[in-house]
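Let me begin by presenting the structure, written as structure tokens, before commenting on it.
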Amino acid sequence: MSSSLSVQFLSPPLSSALPCCKQTRLAAATTPLAPVSKNVEAARLEPRVEERDGYWVLKEKFRGGINVQEKVKIQKEPMKLFMENGIEELAKTSFEELEKSKDSKDDIDGRLKWLGLFHRRKNHYGRFMMRLKLPNGVTTSAQTKYLASVIRKYGEDGCADVTTRQNWQIRGVVLPDVPEILKGLAKVGLTSLQSGMDNVRNPVGNPLAGIDPEEIVDTRPYTNLLSQYITANSLGNPTVTNLPRKWNVCVVGSHDLFEHPHINDLAYMPATKDGRFGFNLLVGGFFSPKRCAEAVPLDAWVSADDVIPLCKAVLEAYRDLGTRGNRQKTRMMWLIDELGIEGFRAEVAKRMPFQELERASSEDLVQKQWERRDYVGVHPQKQEGLSYVGLHIPVGRLQADDMDELAHVADKYGTGELRLTVEQNIIIPNVENSKLEALLKEPLLKNRFSPEPSILMRGLVACTGNQFCGQAIIETKARALKVTEEVERHVAVTRPVRMHWTGCPNTCAQVQVADIGFMGCMARDENGKPCEGADVFLGGRIGSDSHLGDVYKKSVPCKDLVPLVVDILVKHFGAVPREREEGED
């Protein structure tokens with residue numbers, strides 16, 4: 001099997017010319033990180049992996065002290081389940097038979113994640129969550145209908161979630177159905193390949209790409225190219241499937257920073273240089289139970305044509321040099337810390353086509369003083385006579401009928417396109433203004449997915465929680481809705497407040513970037529008995545002045561959260577108690 005890739009030639013080269021934007025957006029440069037280099041022995045820079053038979057494996061000399069997941073990868077290459085059709089045989093084998101050997105159990109609980117399949121052993125035994133690849137969050141009505149047809153057959157076990165990476169996750173899948181589901185995905189232009197474990201996650205872009213009157217650049221061509229490269233056009237790309245840990249990427253196209261660049265391993269920040277359009281680069285942002293870090297400047301700029309070579313160079317530097325011991329210390333920022341930002345930059349440059357990497361540009365295109373806009377509701381597009389309608393999807397959860405209805409209204413009022421957002425909402429673009437009134441009267445918008453949710457509901461995000469996820473300590477989605485509803489009965493809020501709920505320290509719902517965050521934990525009630533609780537975070541910010549929130553109060557029993565949130569909203573966000581509000585009338 002050849003490991004060579006030519007996907008960068010599958011699309012015409014992207015122009016390096018400056019995209020259409022106001023010249024006043026040329027802001028002063030972000031101050032690059034001061035050069036930091038560390039004395040690293042030459043032996044430390046020896047690549048730890050090598051190619052064997054088309055796959056990349058860890059060299060024997062570096063296998064001391066590696067973690068369990070690395071041992072599973074060494075024992076059997078996960079990508080063979082897809083690239084050599086191992087999934088067909090696996091799907092024909094009964095679960096009882098598969099449970100008899102460690103190797104097949106490792107397939108079920110580990111290696112299938114390379115195909116985007118996550119066994120819910122603890123809370124949904126025998127059922128899988130399937131995570132897709134949906135670059136930029138753009139999907140079609142046909143794709144949505146197909147996913148609805150998949151989950152419908154699983155009855156109460158089947159549902160879908162919009163994720164915090166502009167992506168779909170579908171639930172209830174059983175192993176014997178997987179080969180046919182994969183074929184069905186391919187027919188509608190979807191894939192679930194390389195969406196879990198030590199792989200590159202869904203490339204995130206501006207949810208308003210191509211339709212936003214204020215956009216800097218349309219991110220869709222770049223996120224599509226990234227996804228094509230990462231998965232080799234859904235055929236499988238083993239050169240980037242044996243990373244030390246998961247890896248996130250985004251392309252910024254908005255002043256609003258809808259893409260959350262500061263929490264990505266690699267973020268492309270639009271900037272011009274000597275009349276050429278391209279991107280400054282941020283690296284290393286991540287969340288984990290033991291550490292959360294904001295991305296830092298790489299002090300590098302690439303032209304638009306070098307988006308893929310740069311991504312490839314960063315991934316290969318991480319793949320080659322990242323440590324593979326304690327899983328809590330294997331994200332890319334730990335490698336950056338070890339080498340120093342200049343040392344890491346040098347390793348990236350070494351892997352560029354001409355072993356060169358330009359320094360960062362001073363012509364950053366993202367405006368620093370920019371009030372983040374709300375995309376929920378009705379908004380005019382840059383195309384005359386068209387609007388987009390942002391719908392609130394409560395905590396991102398949908399049933400099969402919901403998805404069919406969404407596809408129907410997208411076809412009837414738009415162009416059959418839907419956009420998923422990192423806040424777990426959905427946008428219907430390209431609606432003719434003459435059709436807006438009828439669209440807003442649709443039962444789906446009136447009864448389920450409102451374009452005019454309350455202030456607190458519109459900023460609500462929640463992870464899967466312990467309904468399906470074995471790592472979650474508490475239930476999140478239903479509780480997030482219930483707590484928010486109760487809080488709204490006590491106070492009136494006049495400005496946006498983003499509240500995020502995550503069931504465990506893995507913080508899939510990104511509580512550290514929320515105004516108020518809730519991280520599931522075990523607490524004790526007034527009688528000292530164990531109960532579900534949350535560590536409460538406060539002060540997270542997104543946008544140009546991004547900041548990770550801090551713990552405000554630890555181990556709060558869930559039943560005590562409503563009065564605490566009410567107090568926080570009054571003290572820190574100018575909320576007005578409803579009793580006082582009514583008394584002033």
Side-chain angles (χ1 to χ4, degrees), residues 3-9 13 16 32-52 54-59 61-62 198-200 222 225-226 229-230 232 237-245 247-249 264-269 271 273 276 278-286 295-324 329-361:
S3 64
S4 63
L5 290 173
S6 57
V7 294
Q8 58 263 46
F9 303 117
S16 295
L33 199 70
V36 176
S37 58
K38 297 188 177 182
N39 293 323
V40 178
E41 293 182 6
R44 175 61 185 90
L45 301 179
E46 178 188 345
R48 299 183 171 206
V49 296
E50 61 186 359
E51 186 179 3
R52 293 183 192 171
Y55 300 101
W56 289 79
V57 298
L58 190 62
K59 297 175 182 176
K61 65 189 289 187
F62 294 113
D198 303 337
N199 283 287
V200 181
Y222 303 100
L225 276 177
L226 284 166
Y229 158 63
I230 290 159
N237 180 359
T239 66
V240 292
T241 58
N242 188 8
L243 303 176
R245 203 68 165 78
W247 193 88
N248 294 321
V249 61
N264 277 265
D265 291 278
L266 173 62
Y268 293 86
M269 306 294 291
K273 193 171 190 182
R276 297 172 294 158
F279 299 91
N280 284 333
L281 305 165
L282 300 177
V283 291
F286 80 104
V296 297
L298 185 61
D299 190 13
W301 177 92
V302 293
S303 72
D305 294 329
D306 281 335
V307 163
I308 298 304
L310 183 280
C311 180
K312 181 174 182 288
V314 173
L315 281 171
E316 289 180 356
Y318 177 43
R319 178 200 68 193
D320 293 350
L321 303 175
T323 60
R324 295 169 186 257
K329 296 184 177 182
T330 54
R331 292 294 296 269
M332 193 173 78
M333 182 62 95
W334 292 96
L335 176 63
I336 294 170
D337 286 345
E338 183 184 356
L339 302 184
I341 192 68
E342 280 296 310
F344 180 75
R345 188 187 186 282
E347 290 301 314
V348 173
K350 191 188 297 183
R351 291 163 172 81
M352 290 292 286
F354 299 103
Q355 289 77 54
E356 294 177 348
L357 193 56
E358 294 186 49
R359 291 289 172 178
S361 168

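Basis for what follows: all heavy atoms, side chains included, without hydrogens, waters or symmetry-related copies.
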From Asp337 atom CG to Lys329 atom NZ, the distance as rounded to the nearest 0.5 Å: 11.0 Å

Sequence-distant partners of Glu358, side chain to side chain contact (heavy atoms under 4.5 Å, CB included), two or more places apart: Lys273, Arg276, Trp301

For Glu347, all residues meeting side-chain hydrogen bond (donor to acceptor under 3.5 Å, both in side chains), sequence neighbours excluded: Lys350, Arg351

Heavy-atom check, side chain of Leu225 versus side chain of Val307, under 4.5 Å: no

Worked verdict on Glu338 versus Val40 for side-chain contact (heavy atoms from CB on, under 4.5 Å): CA-CA 8 Å; Glu338 183 184 356; Val40 178; 5.7 Å; no

Min side-chain heavy-atom separation Phe286-Asn248 under 4.5 Å: no

From CE (Met332) to CG (Leu266), nearest 0.5 Å: 6.5 Å

Main-chain N/O of Ala295 paired to Asn264 side chain as donor or acceptor, under 3.5 Å: no

Closest approach of Val348 to Ala317 (non-hydrogen atoms, all atoms of both residues): CG2-CB, 4.3 Å

Main-chain N/O of Ala304 paired with Tyr268 side-chain donor or acceptor, under 3.5 Å: no

Pairing residues for Asp198 by the side-chain hydrogen bond (donor to acceptor under 3.5 Å, both in side chains) criterion, not counting sequence neighbours: Lys73, Arg327

Contacts of Asp265 that satisfy salt bridge (Lys or Arg N to Asp or Glu O under 4.0 Å) - sequence neighbours left out: Arg331

Nearest-0.5 Å distance that lies between atom SG in Cys311 and atom OH in Tyr222: 14.5 Å

Side chain to side chain contact (heavy atoms under 4.5 Å, CB included) partners of Glu50, counting only residues at least two apart: Arg52, Val57, Lys59, Glu60

Which residues share a salt bridge (Lys or Arg N to Asp or Glu O under 4.0 Å) with Arg319, sequence neighbours left out: none

Under the salt bridge (Lys or Arg N to Asp or Glu O under 4.0 Å) test, residues paired with Asp306 that sit two or more places apart: none

Step-by-step side-chain contact (heavy atoms from CB on, under 4.5 Å) determination, Glu51 to Thr239: CA-CA 8 Å; Glu51 186 179 3; Thr239 66; over 6 Å; no

Partners meeting salt bridge (Lys or Arg N to Asp or Glu O under 4.0 Å) with Arg345 (sequence neighbours left out): none

Approximate separation, where rounding is to 0.5 Å, of Leu310 CG and Leu357 CG: 6.0 Å

Other residues, nucleotides, ligands: >12 heavy atoms within 6.0 Å of Glu41 CD: no

Heavy-atom closest contact (Pro238 atom, Trp56 atom, distance): O-CD1, 3.4 Å

Closest heavy-atom pair and its distance - Ile230, Val200: CD1-CG1, 3.3 Å

Polar side-chain atom of Glu316 near backbone of Ala313 as donor-acceptor pair, under 3.5 Å: no

Spacing of CG belonging to Leu298 relative to CD1 belonging to Ile336, to within rounding of 0.5 Å: 7.5 Å

Donor-acceptor contact present, side-chain Asn237 to main-chain Ala232, <3.5 Å: no

Smallest separation among heavy atoms of Arg324 and Leu243, with atom names: NH1-O, 3.7 Å

Closest non-hydrogen atom pair, Ile341 against Val283: CD1-CG2, 4.0 Å

Student check: side-chain heavy atoms of Asp320 and Val49 closer than 4.5 Å: yes

Main-chain N/O of Arg359 paired with Asp299 side-chain donor or acceptor, under 3.5 Å: no

Check: Arg44 and Leu321 side chains under 4.5 Å, non-hydrogen atoms: yes

Residues Tyr229, Leu315; criterion side-chain contact (heavy atoms from CB on, under 4.5 Å); working and verdict: CA-CA 12 Å; Tyr229 158 63; Leu315 281 171; 4.0 Å; yes

Closest non-hydrogen atom pair, Gly322 against Pro244: CA-CG, 3.8 Å

CE on Met333 to OG1 on Thr330, rounded to 0.5 Å: 14.0 Å

Listed partners of Phe344 passing ring-ring contact (aromatic ring centres under 6.0 Å, His included), at least two apart: none

